[in-house]
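Small disclaimer: the values here were computed from a predicted structure and weren't measured.
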Amino acid sequence: MSDVTKTVQKWHASFKKGTDFDSWGQLVEAIDEYQILARHLQKEVQSSSNSHDFTEEQKKTLGKCATCLEMRSAALQCTQSQEDFTLEDLKKLEPFIRNILTCNKDFPFDVQPVPLRRMFAPGEEENLEVEEELDAGTGVGSTPSFPSTLLPRLPSEPGMTLLTLTIEKIGLKDAGQCIDPYITVSVKDLNGIDLNPVQDTPVATRKEDTYIHFGVNVEIQKHLEKLPKGAAIFFELKHYKPKKTFTSTKCFAFMEMDEIKAGPVVIELYKKPTDFKRKKLTLLTKKPLYLHLNQSVHKD
């Protein structure tokens with residue numbers, strides 16, 4: 001059996017594993033499996049070598065499959081949308097993943113391949129970093145673009161509260177060495193499941209001494225009264241690693257609901273990997289370096 005056939009079989013097995021979890025209602029496990037598979041497909045799409053002999057058209061199809069896996073993962077994490085990408089939709093991808101070398105069907109969805117960035121399930125990023133460091137053939141790639149995904153403020157509702165977070169700056173001892181730093185903002189429940197769409201800030205353009213300055217507003221996409229007890233807002237600082245040609249998490253911070261009040265706030269930074277369940281937290285440094293925010297509370 002050829003290497004490419006083995007690879008495709010592994011992808012198909014992973015796809016089946018994810019859809020089985022999905023159909024059984026094991027959503028956390030399904031999300032992890034979808035994200036792991038999407039990362040592997042993206043790695044193949046972004047590979048400059050053609051070790052597996054996939055054509056450019058086949059790579060484009062794999063990229064579209066990764067997009068659909070991300071859409072299903074997002075649908076499982078967001079309970080508000082009524083037009084989610086369903087499990088039945090996702091299952092239409094099976095012929096493409098199972099028979100990528102021979103499938104000549106038209107792709108069933110009008111989607112674009114996932115942009116040049118990597119998704120990671122818990123622990124995946126650190127494993128990839130080790131793999132990349134062991135790969136002596138890794139070269140320096142060009143810096144990809146990171147489009148902002150910030151969303152507008154929700155419409156106001158009588159008696160309901162909205163929160164705007166202004167990300168002012170983040171303190172790091174090696175702030176000047178971070179390439180294309182940006183912050184991913186998410187709202188998670190106690191199980192680490194998204195309660196809001198995930199948003200990325202624009203790349204920071206100003207670094208001074210030990211600070212990366214952002215000065216951007218992030219609108220939390222749910223009225224505070226509708227967030228469950230134990231929810232938290234997470235901030236992950238991402239930066240580009242040219243030698244490994246992927247974006248890595250530098251550190252993270254989070255803010256719990258009892259910390260929400262109008263005005264400035266500074267919150268501590270923790271070592272990666274991001275622990276959305278908040279069970280094994282390790283401070284990034286003993287130095288007094290923090291994420292600086294300003295909170296604006298809007299209530300009708």
Side-chain angles (χ1 to χ4, degrees), residues 31 67 70-85 111-112 114-115 117 119 145-170 180-206 211-238 247 249 251-269 274 276 278 290-300:
I31 290 165
T67 298
E70 184 180 52
M71 289 168 65
R72 179 57 187 159
S73 179
L76 291 176
Q77 297 176 68
C78 183
T79 58
Q80 297 303 304
S81 174
Q82 298 303 308
E83 298 182 7
D84 288 334
F85 195 83
V111 297
Q112 296 302 312
V114 174
R117 61 187 178 84
M119 296 184 301
S145 60
F146 301 101
S148 165
T149 58
L150 294 181
L151 297 167
R153 188 182 305 172
L154 293 176
S156 58
E157 290 185 20
M160 292 293 182
T161 309
L162 289 169
L163 176 65
T164 303
L165 292 170
T166 302
I167 300 177
E168 302 285 5
K169 60 185 180 181
I170 188 169
D180 285 346
Y182 67 97
I183 290 178
T184 297
V185 181
S186 57
V187 184
K188 308 279 187 179
D189 67 11
L190 281 169
N191 293 315
I193 299 297
D194 280 311
L195 300 169
N196 275 197
V198 177
Q199 302 181 67
D200 292 332
T201 71
V203 167
T205 56
R206 187 162 67 96
Y211 287 101
I212 301 172
H213 293 263
F214 287 90
V216 295
N217 292 337
V218 180
E219 304 290 348
I220 299 305
Q221 297 294 301
K222 189 171 284 188
H223 295 88
L224 298 184
E225 290 81 1
K226 297 179 181 179
L227 290 173
K229 185 177 180 179
I233 303 170
F234 281 82
F235 307 85
E236 298 173 272
L237 178 66
K238 310 283 184 71
T247 299
T249 301
C251 59
F252 73 99
F254 65 90
M255 188 172 69
E256 296 181 319
M257 295 299 103
D258 59 4
E259 297 176 86
I260 294 177
K261 56 185 176 182
V265 62
V266 295
I267 54 179
E268 294 178 311
L269 304 176
T274 309
F276 293 121
R278 293 162 264 164
Y290 305 96
L291 175 63
H292 296 248
L293 308 170
N294 192 71
Q295 304 181 67
S296 300
V297 178
H298 318 279
K299 187 162 186 174
D300 282 358

With a 4.5 Å heavy-atom cut-off, do [X] and [Y] have their side chains touching?
| X | Y | answer |
| --- | --- | --- |
| P202 | L150 | yes |
| L293 | P264 | no |
| Y290 | E268 | yes |
| I233 | M257 | yes |
| I170 | C251 | yes |
| R278 | L190 | yes |

Any idea which heavy atoms bring [X] and [Y] closest together, and the distance?
| X | Y | value |
| --- | --- | --- |
| F214 | P181 | CE2-O, 3.7 Å |
| A204 | I212 | CB-CG2, 3.4 Å |
| H223 | L162 | CD2-CD2, 3.5 Å |
| V297 | A262 | CG2-N, 4.0 Å |

To the nearest 0.5 Å, what is the distance between [atom1] on [X] and [atom2] on [Y]?
| X | Y | atom1 | atom2 | answer |
| --- | --- | --- | --- | --- |
| Q199 | Y182 | CD | OH | 13.5 Å |
| K238 | F252 | NZ | CZ | 12.5 Å |
| H292 | T166 | NE2 | OG1 | 14.0 Å |

Inset, instruction - Pick out which of K226, K299, K222 makes a salt bridge (Lys or Arg N to Asp or Glu O under 4.0 Å) with E157. - result: K226

Inset, instruction - Verify side-chain contact (heavy atoms from CB on, under 4.5 Å) between V185 and I167, making sure each step is shown before the conclusion. - result: CA-CA 10 Å; V185 181; I167 300 177; 3.9 Å; yes

Between the main-chain N or O of [Y] and the side-chain N or O of [X], is there a donor-acceptor pair closer than 3.5 Å?
| X | Y | answer |
| --- | --- | --- |
| Q295 | K261 | yes |
| T161 | L224 | no |
| N191 | I193 | no |
| Q221 | E219 | yes |

Inset, instruction - Could you pull out all residues at least two apart from A253 that satisfy side-chain contact (heavy atoms from CB on, under 4.5 Å)? - result: I267, L269, L291

Inset, instruction - Start with the C-alpha distance between T164 and H298, add both sets of side-chain angles, then the distance that settles side-chain hydrogen bond (donor to acceptor under 3.5 Å, both in side chains), and finish with yes or no. - result: CA-CA 8 Å; T164 303; H298 318 279; 2.7 Å; yes

Inset, instruction - Could you tell me how the ring of Y211 sits relative to the ring of H213: parallel (under 30°), tilted (30 to 60°) or perpendicular (over 60°)? - result: tilted

Legend entry - K188 to F234, cation-pi by 6.0 Å centre distance and 45° axis angle: no

Inset, instruction - Scan L163, I220, L227, L165 and name whichever one has a side chain to side chain contact (heavy atoms under 4.5 Å, CB included) with I260. - result: L163

